[in-house]
Peer 1: 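Below are the structure tokens for one structure; questions will follow.
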Number of protein chains: 2
Amino acid sequence: MRPLIADHLRNAGIQPSAQRVAVAEYVLATEDHPTADQVWAKVRKSFPMISRATVYNTLNLFVKKRLLRQFVLNDGKTVFDARVSRHHHFIDEETGRIYDLPWEALAVSKLESLNGFEVREYQVVVRGRAKNYSRRG
Amino acid sequence: MRPLIADHLRNAGIQPSAQRVAVAEYVLATEDHPTADQVWAKVRKSFPMISRATVYNTLNLFVKKRLLRQFVLNDGKTVFDARVSRHHHFIDEETGRIYDLPWEALAVSKLESLNGFEVREYQVVVRGRAKNYSRRG
DNA sequence: CATAGTTTTAGACTACTTCTAATTTTTAAT
DNA sequence: ATTAAAAATTAGAAGTAGTCTAAAACTATG
């Protein structure tokens with residue numbers, strides 16, 4: 001169990017356990033946007049006896065403690081995103097792959113004109129096709 | 001079976017049936033963003049013997065034929081939205097209610113700067129609190 | 001090392017959606 | 001009208017994703 005990750009969890013107010021560290025090791029480091037079951041599949045490779053419930057519990061705990069964000073796609077799949085800072089999303093309509101877009105890449109104006117709505121956060125969701133000079137799709 | 005709705009379906013390439021017209025009558029007219037089961041509940045009032053599978057099939061067909069849009073909330077619920085023209089969404093974090101924001105209410109800039117991504121569509125998703133001089137939340 | 005609190009576990013359960021395959025309805029051709 | 005083919009509908013089974021439960025296993029501390 002790597003001490004750095006354990007400390008990271010402790011700093012977030014989470015008691016580290018072997019299972020939680022195993023989940024954190026994958027999900028906080030990946031740039032994918034995995035579903036809970038994909039996390040379970042990955043983590044089981046290094047920790048074969050971990051249960052599904054624990055993975056779900058752990059992911060929900062991480063979201064509550066703000067180590068992760070949850071993002072629900074238009075097809076209903078719930079994915080997790082280790083990037084907690086503000087950003088937008090690009091969804092490739094062919095592959096389903098989700099890309100993070102830097103916050104500064106887009107600008108939204110006229111938000112102040114939304115009378116009757118108190119804005120807490122927002123993001124732009126862009127759909128289309130990623131051209132494949134990023135090899136990971 | 002109202003001829004206008006039947007024609008609307010035919011124009012979209014959908015063979016009208018009594019069931020489809022009953023679903024269309026409600027879901028294409030409402031400003032709510034109902035779930036599939038909410039549509040089923042409503043439609044059964046005028047068409048008590050309609051089956052769940054037909055409602056689901058019909059809604060999916062309408063989405064495919066672009067009479068409806070599907071929108072998945074962050075809590076995982078799938079809702080349908082009869083407003084096919086472009087618009088943004090405001091989600092009230094307390095009530096879960098979704099409001100359509102007019103397309104012109106917000107402006108997104110710098111989309112052209114997304115190198116490597118071919119943009120087909122986009123929308124802004126805003127979260128916060130709706131102040132209640134709209135009485136319907 | 002006892003105990004209280006926390007975490008994990010397997011599997012049951014729930015909610016939502018799709019699938020299946022049999023039946024009914026519609027369409028189109030005679 | 002009759003028929004055959006195609007399309008739509010149906011009830012219920014099956015699949016999926018996620019939560020819950022209650023027992024067992026841990027961990028931290030005195």
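A note on names: the letters A, B, ... follow the listed sequences, proteins ahead of strands, and every chain is numbered from 1.
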Peer 1: Find the distance A/Phe62:CZ to C/dT7:C1' and express it as a whole number of Å.
Peer 2: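 That distance rounds to 13 Å.
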Peer 1: What class does the angle between the rings of B/Tyr122 and B/His88 fall in, given that below 30° is parallel, 30 to 60° is tilted and above 60° is perpendicular?
Peer 2: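 Tilted, since the angle between the ring planes falls between 30° and 60°.
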Peer 1: Who passes salt bridge (charged side-chain N to carboxylate O under 4.0 Å, His left out) against A/Glu118, sequence neighbours left out?
Peer 2: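 Listed in chain order: A/Arg120.
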Peer 1: According to side chain to side chain donor-acceptor pair (under 3.5 Å), who are the partners of A/Arg86, at least two apart in sequence or on a separate chain?
Peer 2: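 With neighbours one apart ignored, the set is empty.
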Peer 1: Using the 3.5 Å cut-off, write out each protein N or O paired with an N or O of nucleotides 15-17 of chain D and the distance between them.
Peer 2:
none

Peer 1: Listed by chain and number, what are the side-chain contact (heavy atoms from CB on, under 4.5 Å) partners of A/Thr30, not counting sequence neighbours?
Peer 2: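 In terms of side-chain contact (heavy atoms from CB on, under 4.5 Å), with neighbours along the sequence ignored, A/Thr30 is linked to A/Tyr26, A/Asp32, A/Pro34.
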Peer 1: With B/Ser51, which residues qualify under side chain to side chain donor-acceptor pair (under 3.5 Å), at least two apart?
Peer 2: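 So B/Ser51 forms a side chain to side chain donor-acceptor pair (under 3.5 Å) with B/Thr54.
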Peer 1: Who passes ring pair (Phe, Tyr, Trp, His ring centres under 6.0 Å) against A/His89, sequence neighbours left out?
Peer 2: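 Scan of A/His89 (ring pair (Phe, Tyr, Trp, His ring centres under 6.0 Å), adjacent residues dropped) gives A/His33, A/Phe71, A/His87.
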Peer 1: Find the distance A/Trp40:CH2 to C/dT8:P and express it as a whole number of Å.
Peer 2: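 Interatomic distance, CH2 of A/Trp40 to P of C/dT8: 15 Å.
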Peer 1: One character per nucleotide, please: for nucleotides 3-9 of chain D, 5' to 3', B when the base has a protein heavy atom closer than 4.0 Å, S when only the sugar-phosphate does, - otherwise.
Peer 2: ----SSS
Peer 1: With sequence neighbours left out, write down each residue that passes ring pair (Phe, Tyr, Trp, His ring centres under 6.0 Å) with A/Phe62, or none if nothing qualifies.
Peer 2: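 Partners of A/Phe62 by the ring pair (Phe, Tyr, Trp, His ring centres under 6.0 Å) criterion come out as none, since no residue qualifies.
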Peer 1: How many Å lie between CG on B/Leu59 and P on C/dC16, as a whole number?
Peer 2: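 Answer to the nearest Å: 14 Å.
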Peer 1: Sequence neighbours left out, what passes side-chain contact (heavy atoms from CB on, under 4.5 Å) with B/Ala36? Give chain and number order.
Peer 2: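 Listed in chain order: B/Tyr56, B/Leu59, B/Phe80.
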